[in-house]
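Notes follow the structure.
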Amino acid sequence: MGRDNGFLLFSRRDNPSIDALTRATNFKEFHTYLNEKDRKEQAARCMNCGVPMCQSAIRLSGMVTGCPLHNLIPEWNDALYNGEYETAAKRLMATSSFPEFTGRVCPALCEKACNCGNNDIADAVTVHDNELFIIEKAFTEGFIKPRIPKIRTDKKIAVIGSGPAGLAAADMLNRRGHNVTVYERDDRAGGLLQYGIPNMKLDKHIIERRIQLMEKEGVSFIYNADVGNTVSAQEIISEYDAVALCCGAKNPRPLSVPGSNAEGVLFAVDFLKSVTKSLMNSGLKDGQFFDPKGKDIIVVGGGDTGNDCTGTCIRLGAASVTQLEMMPCPPAERTASNPWPQWPKVLKTDYGQQEAIAEWGHDPRIYETTVKEIYTQDNRVTGIKTVQVEFKTIDGKRQLVEKEGSEKEMKADLILIAAGFLGCEEYTAQAFGTELGARTTVASPAGSYKTSVEKVFTAGDMHRGQSLVVWAICEGRECAKEIDTYLMGYSNL
C-alpha cells in the first residue's frame, strides 16, 4: 500500500476520451492516457484491503463479482505507485495472459467490487486503466520478451479457434513446453477480438503484436483452416495428443418476425466483421463491407454489440441510428436489491450512444420495444413495425407481453440484429463427436473442461456460452492446466 491515505488524498480520474464528434470521424482508439505522476496517484488510491473483493471472483446471490483471473491487484498497484514498473508487470502477468486486451475491452468486474466503490461506483480505483498502463509500459520498456521454453515435451496439442480462450490455452501450454498448433478458420488470429470488436475499442495492431510474440515463443498458427469442414477433425485427433475446442459461441439469435429474411437484415457480427476486414485490408477503399452511409439504421439490441454497431454506423456516415431494447431503462443508481459488490445494474451510456447524442442530439436507445414486423419492397427492407413490451408473471411464469395499442412504424434501410447468441456453431463439435448441452455449448462434467470424447477438451464461449473476454481467458488458462495434467500426470501451470 503505497499511500495509506491515497484514497482520501486523490479523486478518481479515468483515462480521458477524445470528444465524441472528433473521434467519430475515424476508427482509431479514442482514449488518451494520464501522465506517470497522475497514474501513480491513481494507483495510490488502492487501499490494499484485508479482503480484496476486486480479485475475489466470488458468487453472491447468483452473480459473480470480482476478477475471474484473480489478478493480484493490490500488489501491482503498489508497485505502480512506487515506480517499480517491471515488478508491476511481472505480478500482472503472473495471472493474466493478455492485459493489453482486458485493459481495453473488459468491463472491469474488479472495479465494480472495489471497496472504494462501496458507497459510490464512481469512487472505485481505476484498476482497468492502471492495468493498461502497466502492460503498455512493459512493452515500451522492453520488459515483455519472448519466453521460449528451455525444455520441450514430445506432446502435440491442437487448439481449434484463436479467440481469447484459444490464445490463452495455447500460451499456457506452450509455456509448459508442449508443441502447440492453433487452427483458425479466418485469415487472421483473434476470433471476436479481431472481427467482433471494432478497431476504436481494440486496435488490431495490438492483437498482431501478441500473435507475433507467441510465434516467436513457438506457437504455430494455421489460417483459413475450417476444422470440421475443410480440415478433417479425425485427422487432427489422430495426429495430436490432445485437442482444445475454443471456437466461441457464434450462432447469432435471429429475428422471428415477418420480413426477417429480406435483403438489408444482417446479423451484427457479419456487419462488424465486414467493416473491420475492409478497414484492415484496404482502409475501407475496397468497398467490401455493408455500407450504412446515408441510411436509416435500426439496431436490435441495446448491449455492447449494439453499441458497437451504433458507433460503427456513425463513423460510416449513417443518416440515423436507432437502438431497440426489450428491457426497461436501468436506474441511474444501484437499487436496494442490487447492493455492492454485485455487478451494478445501472444505466450506462457507452461511446456509441455518446456519439449519437453528440451527432443528433438524443440518445438512440428506445426501451421496452421490439420489432413486430419488417416492411419490404421487392424483398428489400423499407421499414419496421415496433411494439412496446413488458415482462409479466402469468401462471407463475415470467413472460414477455405486448402493450396493447403501442404499435408504431419506423423507416429503415438496414437492420442489424445484435440480440445475443444461441451457443456454438454445431458442425465443429459434431465433427469431433462431442456432446452438446442445453445451451448448445460443448458439454463437460462440472468443474472440468474434458468433453465426452477422449483427449478432446473445450473452453471459452463454446463451453460456457456467450460471455466476457476475461472469462474466456480464464477458461483457456484452466483448460490448459487440465490438458497438461492429462498429458503429464500433474501440472505446474
Side-chain angles (χ1 to χ4, degrees), residues 23-28 185-188 190-204 224 248-257 259-325 350-353 355-356 359-360 364-365 371 373-384 410-422 425:
R23 71 188 188 225
T25 62
N26 59 67
F27 282 86
K28 298 176 182 178
R185 73 176 177 181
D186 277 319
D187 58 340
R188 295 179 176 91
L192 67 85
L193 296 169
Q194 186 73 257
Y195 287 133
I197 298 175
N199 207 67
M200 52 276 194
K201 286 176 68 175
L202 175 60
D203 193 292
K204 304 315 168 190
N224 300 305
K250 296 181 178 178
N251 185 22
R253 187 188 307 276
L255 279 183
S256 299
V257 299
S260 58
N261 294 321
E263 183 181 352
V265 180
L266 301 172
F267 288 115
V269 288
D270 296 331
F271 168 72
L272 294 173
K273 179 178 179 178
S274 75
V275 174
T276 297
K277 198 166 187 176
S278 178
L279 181 67
M280 296 184 67
N281 288 344
S282 67
L284 299 174
K285 294 179 181 178
D286 61 12
Q288 299 300 305
F289 62 95
F290 298 106
D291 193 354
K293 185 175 182 179
K295 298 177 180 177
D296 294 304
I297 314 298
I298 301 295
V299 179
V300 183
D304 288 341
T305 303
N307 171 71
D308 290 338
C309 288
T310 296
T312 300
C313 287
I314 291 172
R315 281 162 175 75
L316 294 173
S320 70
V321 181
T322 302
Q323 276 186 261
L324 303 182
E325 170 61 79
D350 214 329
Y351 76 96
Q353 288 116 23
E355 292 159 6
E359 183 75 23
W360 295 302
R365 293 170 289 188
V371 178
E373 184 179 349
I374 296 173
Y375 298 132
T376 65
Q377 183 175 356
D378 299 326
N379 200 40
R380 176 76 198 177
V381 171
T382 59
I384 62 171
M410 297 179 65
K411 187 177 182 299
D413 302 304
L414 184 64
I415 299 173
L416 302 177
I417 306 171
F421 298 85
L422 296 174
E425 295 171 291

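What you see below is based on every heavy atom in this structure, not just the backbone, and it leaves out hydrogens, waters and symmetry mates.
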Please tabulate, for side-chain N and O atoms in residues 284-293, each donor-acceptor pair with protein atoms closer than 3.5 Å (sequence neighbours left out).
{"from": "Asp286", "atom 1": "OD1", "to": "Ser278", "atom 2": "OG", "distance (Å)": "2.5"}
{"from": "Asp286", "atom 1": "OD1", "to": "Ser282", "atom 2": "OG", "distance (Å)": "3.3"}
{"from": "Asp286", "atom 1": "OD1", "to": "Gln288", "atom 2": "N", "distance (Å)": "2.9"}
{"from": "Asp286", "atom 1": "OD2", "to": "Ser282", "atom 2": "OG", "distance (Å)": "3.3"}
{"from": "Gln288", "atom 1": "NE2", "to": "Asp286", "atom 2": "O", "distance (Å)": "3.4"}
{"from": "Asp291", "atom 1": "OD1", "to": "Lys293", "atom 2": "N", "distance (Å)": "3.0"}

Ignoring hydrogens and geometry, is there a side-chain-to-backbone donor-acceptor pair from [X] to [Y] under 3.5 Å?
X      : Y      : result
Arg253 : Gly420 : no
Lys204 : Gln194 : yes
Thr305 : Ala418 : no

Please find the pair of heavy atoms, one from [X] and one from [Y], that lie closest to each other, and give the distance.
X      : Y      : answer
Ile314 : Gly352 : CD1-O, 3.8 Å
Thr310 : Ala356 : CG2-CB, 4.3 Å
Thr312 : Met200 : OG1-CE, 3.5 Å
Asp296 : Ser320 : OD1-OG, 2.7 Å
Gly196 : Leu272 : O-CD1, 3.7 Å
Pro254 : Leu422 : CD-CD1, 3.8 Å

- Task: Verify side-chain contact (heavy atoms from CB on, under 4.5 Å) between Ile417 and Phe271, making sure each step is shown before the conclusion.
- Result: CA-CA 9 Å; Ile417 306 171; Phe271 168 72; over 6 Å; no

With a 4.0 Å cut-off, would you call [X] and [Y] a salt bridge?
X      : Y      : result
Lys201 : Asp308 : yes
Arg380 : Glu263 : yes
Lys411 : Asp413 : yes

- Query: Yes or no on side-chain contact (heavy atoms from CB on, under 4.5 Å) for Arg188 and Met280, after CA distance, side-chain angles and deciding distance?
  - Reply: CA-CA 10 Å; Arg188 295 179 176 91; Met280 296 184 67; 3.3 Å; yes

- Message: side-chain contact (heavy atoms from CB on, under 4.5 Å) for Phe27 and Arg315? Distances and angles first, verdict last.
- Response: CA-CA 7 Å; Phe27 282 86; Arg315 281 162 175 75; 3.7 Å; yes

- Heavy-atom count around Asp378 CG within 6.0 Å, excluding the residue itself: above 12?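 12 or below, so no.
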
- Item | Asn224 atom CG, over 12 foreign heavy atoms within 6.0 Å |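 Enclosed.
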
Just how far is it from atom [atom1] of [X] to atom [atom2] of [Y], taken to the nearest 0.5 Å?
X      : Y      : atom1 : atom2 : value
Tyr195 : Thr276 : OH    : OG1   : 8.0 Å
Leu255 : Ile374 : CG    : CD1   : 5.5 Å
Ile415 : Thr322 : CD1   : OG1   : 11.0 Å
Ile297 : Gln323 : CD1   : CD    : 12.0 Å
Ile298 : Leu416 : CD1   : CG    : 9.5 Å
Glu355 : Thr25  : CD    : OG1   : 9.5 Å

- Under the side chain to side chain donor-acceptor pair (under 3.5 Å) rule, collect the residues that match up with Asp186, sequence neighbours excluded.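 Checked Asp186 against side chain to side chain donor-acceptor pair (under 3.5 Å); matches are Lys273.
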
- Would a 4.5 Å heavy-atom cut-off, applied to side chains only, mark Asn251 and Phe421 as touching?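 Not touching, per the 4.5 Å side-chain cut-off.
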
- Item | Candidate pair Asn307 and Val299, rule side-chain contact (heavy atoms from CB on, under 4.5 Å), full reasoning | CA-CA 9 Å; Asn307 171 71; Val299 179; over 6 Å; no

- Report the residue from Val321, Val381, Leu266 that forms a side chain to side chain contact (heavy atoms under 4.5 Å, CB included) with Leu414.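 Only match with Leu414 under side chain to side chain contact (heavy atoms under 4.5 Å, CB included): Leu266.
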
- Task: Could you tell me which residues satisfy salt bridge (Lys or Arg N to Asp or Glu O under 4.0 Å) with Glu359, sequence neighbours excluded, listed by chain and number?
- Result: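 With sequence neighbours excluded, Glu359 shows a salt bridge (Lys or Arg N to Asp or Glu O under 4.0 Å) to no residue whatsoever.
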
